[in-house]
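Proteins come first, then strands; the chains are lettered A, B, ... in the order of their sequence lines, and each starts at number 1. Keep in mind that what you see is a predicted model, and the values were worked out from it rather than measured.
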Number of protein chains: 2
Amino acid sequence: MGAKRKARPTAAELKILNVIWTHGPSTVRFVNDRLNEEKTPKGGGRTIGYTTTLKIMQVMAEKGLLERDESRRSHLYGAASPQHQVQRLLVDRLLQTAFGGSALKLVMQALGGHKAKPEEIARIRELLDRMEGGRR
Amino acid sequence: MGAKRKARPTAAELKILNVIWTHGPSTVRFVNDRLNEEKTPKGGGRTIGYTTTLKIMQVMAEKGLLERDESRRSHLYGAASPQHQVQRLLVDRLLQTAFGGSALKLVMQALGGHKAKPEEIARIRELLDRMEGGRR
DNA sequence: GGAATACTACGAAATTCTTCGTAATTTAAT
DNA sequence: ATTAAATTACGAAGAATTTCGTAGTATTCC
């Protein structure tokens with residue numbers, strides 16, 4: 001057992017995880033560049049310092065959110081848990097803290113505020129069918 | 001100007017909001033009692049101090065999350081925003097930070113991990129029907 | 001080799017969140 | 001009226017998060 005705690009990623013940590021989930025194991029430099037190339041529609045176009053990203057990623061490795069490969073000069077950090085697992089954790093957390101455990105209400109909120117594409121709606125219907133039918 | 005809109009409630013603040021959403025405008029004493037009467041199935045049954053709850057609620061009033069009625073000796077705190085509005089905010093935030101804006105994926109996660117009751121599934125179908133413009 | 005470059009390690013400041021202790025004030029009890 | 005109880009105000013400590021600066025170490029380039 002190494003890093004199996006229920007570490008909940010913070011906002012900054014999630015941004016980093018998103019980069020790594022998208023691009024795979026990455027160096028600090030790469031992640032920092034991705035974070036900074038985001039457009040800032042609002043005035044605050046502040047760039048994140050390299051050592052800031054470094055530090056957070058080091059902390060994440062300690063927490064068990066990332067795994068570090070030190071075999072090369074520039075360490076490679078990979079996600080310790082797959083994206084869907086962390087998403088599940090966050091959804092469950094939100095479910096408990098803000099929706100009293102009612103997945104239905106959460107779903108209604110998620111769908112209610114966005115005009116889902118017909119295709120998405122179809123996908124959800126399929127999911128519902130499968131859940132109901134019990135076969136799969 | 002004093003009450004800022006964008007205020008996102010923290011974990012502790014959300015617990016307080018849940019009490020107030022459920023019971024309506026409440027005193028600090030009442031909220032604190034509700035928070036402490038929760039059973040802690042696991043070891044850490046530590047009680048929250050009265051002044052802790054008081055302080056957080058005062059801060060929440062400053063942030064604009066709660067509104068305070070000082071007409072009586074024991075101040076009454078009410079929610080500044082309806083539950084659904086805050087839920088929407090939190091869902092949107094999660095959508096952006098962890099699901100890349102895809103409501104579909106969030107919904108799949110929310111539904112995937114829970115055996116929804118047939119009734120809930122039916123409700124969601126209704127919602128989908130309405131989203132598609134009533135016809136189908 | 002020596003200078004410039006790139007990266008990690010370390011520590012600490014700044015912020016926010018959470019927690020209380022203490023003092024002051026008001027209400028209730030005796 | 002005095003004492004006791006309850007409540008608010010204030011401030012501050014502790015913890016977690018986010019931010020860097022500086023120093024040290026390795027790599028690359030004349």
Side-chain angles (χ1 to χ4, degrees), chain A residues 5-20 25-36 38 40 44-78 86 90 93 97-98, chain B residues 2 4 6-19 25-36 38 40 44-78 86 90 93 97-98:
Chain A
R5 15 218 159 285
K6 51 176 183 177
R8 172 181 90 123
T10 66
E13 289 170 346
L14 258 183
K15 286 182 185 171
I16 291 172
L17 278 174
N18 280 325
V19 172
I20 294 178
S26 313
T27 63
V28 175
R29 174 64 60 194
F30 180 82
V31 171
N32 187 244
D33 287 347
R34 294 293 98 32
L35 294 181
N36 281 323
E38 291 174 2
T40 46
R46 83 187 179 297
T47 59
I48 301 172
Y50 174 85
T51 55
T52 300
T53 303
L54 168 66
K55 182 62 163 184
I56 295 181
M57 289 174 74
Q58 285 174 338
V59 169
M60 289 173 75
E62 284 174 14
K63 285 184 183 176
L65 287 172
L66 296 180
E67 286 169 353
R68 176 162 60 175
D69 172 3
E70 308 183 18
S71 66
R72 298 198 215 175
R73 162 82 169 123
S74 300
H75 299 173
L76 279 181
Y77 291 81
V86 175
L90 293 172
R93 177 92 46 159
T97 60
Chain B
K4 290 305 126 213
K6 287 291 184 183
R8 174 181 98 121
T10 66
E13 289 170 347
L14 216 39
K15 285 182 186 172
I16 290 172
L17 279 174
N18 279 323
V19 172
S26 313
T27 63
V28 175
R29 174 63 60 194
F30 180 82
V31 171
N32 186 244
D33 287 348
R34 293 293 104 18
L35 295 181
N36 281 323
E38 290 174 2
T40 45
R46 85 175 182 300
T47 61
I48 301 171
Y50 174 84
T51 55
T52 299
T53 303
L54 168 66
K55 183 62 163 185
I56 295 182
M57 288 174 73
Q58 287 174 338
V59 170
M60 288 172 77
E62 284 174 12
K63 286 184 184 176
L65 286 172
L66 296 180
E67 285 169 354
R68 177 162 60 174
D69 172 2
E70 310 184 15
S71 65
R72 297 198 216 174
R73 162 80 169 125
S74 299
H75 299 173
L76 279 181
Y77 291 82
V86 176
L90 293 172
R93 178 91 48 158
T97 59

> Shoot me the first and last contacting nucleotide of DNA chain D against chain B, ordered 5' to 3', at under 4.0 angstrom to non-hydrogen atoms.
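Answer, 5' to 3': D:dA6 to D:dA12.
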> Return the 5'-most residue of the pair A:Gly49, B:Thr27 with respect to DNA chain D, ranking by each residue's nearest nucleotide.
B:Thr27
> What closest approach, in Å, do A:Val86 and A:Pro9 show between heavy atoms, and which atom pair accounts for it?
CG1-CG, 3.9 Å
> Identify the heavy atoms of A:Tyr77 and A:Ile20 that sit nearest to each other, and give their distance.
O-CD1, 3.7 Å
> What is the nucleic acid contact for B:Ser74, judged by heavy atoms within less than 4.0 Å: base, sugar-phosphate only, or nothing?
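Sugar-phosphate, no base atom in range.
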> Going 5' to 3' along DNA chain C, which nucleotides are the first and last within contact of chain B (any atom under 4.0 Å from a heavy atom)?
C:dC17 to C:dT27
> Among all residues two or more places apart in sequence or in another chain, which pass the salt bridge (charged side-chain N to carboxylate O under 4.0 Å, His left out) test with B:Arg73?
none
> Which heavy atom of B:Glu70 sits nearest a heavy atom of B:His75, and at what distance?
CA-CD2, 3.7 Å
> Please figure out whether B:Lys55 or A:Ile56 has its closest DNA chain D nucleotide nearer the 5' end.
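Going by which nucleotide is closer to the 5' end, it is B:Lys55.
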> To the nearest 0.5 Å, what is the distance between CG (A:Leu54) and CZ (A:Arg29)?
10.0 Å
> Using a cut-off of 4.0 Å on non-hydrogen atoms, how would the nucleic acid contact of A:Thr10 be classed: base, sugar-phosphate, or nothing?
sugar-phosphate
> Under 4.0 angstrom, heavy atoms only, what part of the nucleic acid is B:Arg68 near: base, sugar-phosphate, or nothing?
sugar-phosphate
> Work out which heavy atom in B:Thr97 is nearest to a heavy atom in A:Asn18; give both atom names and the distance.
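Residues B:Thr97 and A:Asn18, closest heavy atoms: O-ND2, 2.7 Å.
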> Measure from the side-chain N and O atoms of A:Asn32 to the backbone N and O of A:Ile48, and report whether any donor-acceptor pair falls under 3.5 Å.
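Indeed, once roles are kept as given, a pair shorter than 3.5 Å links the two residues.
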> Heavy atoms only: give me the nearest B:Gln58-B:Arg68 pair and the separation to one decimal.
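So the minimum-distance heavy-atom pair works out to CG-NH1, 4.2 Å.
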> By nearest heavy atom, map B:Ala12 and A:Arg29 onto DNA chain C; which one lands nearer the 5' end?
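Looking at DNA chain C, the more 5' nearest nucleotide goes with A:Arg29.
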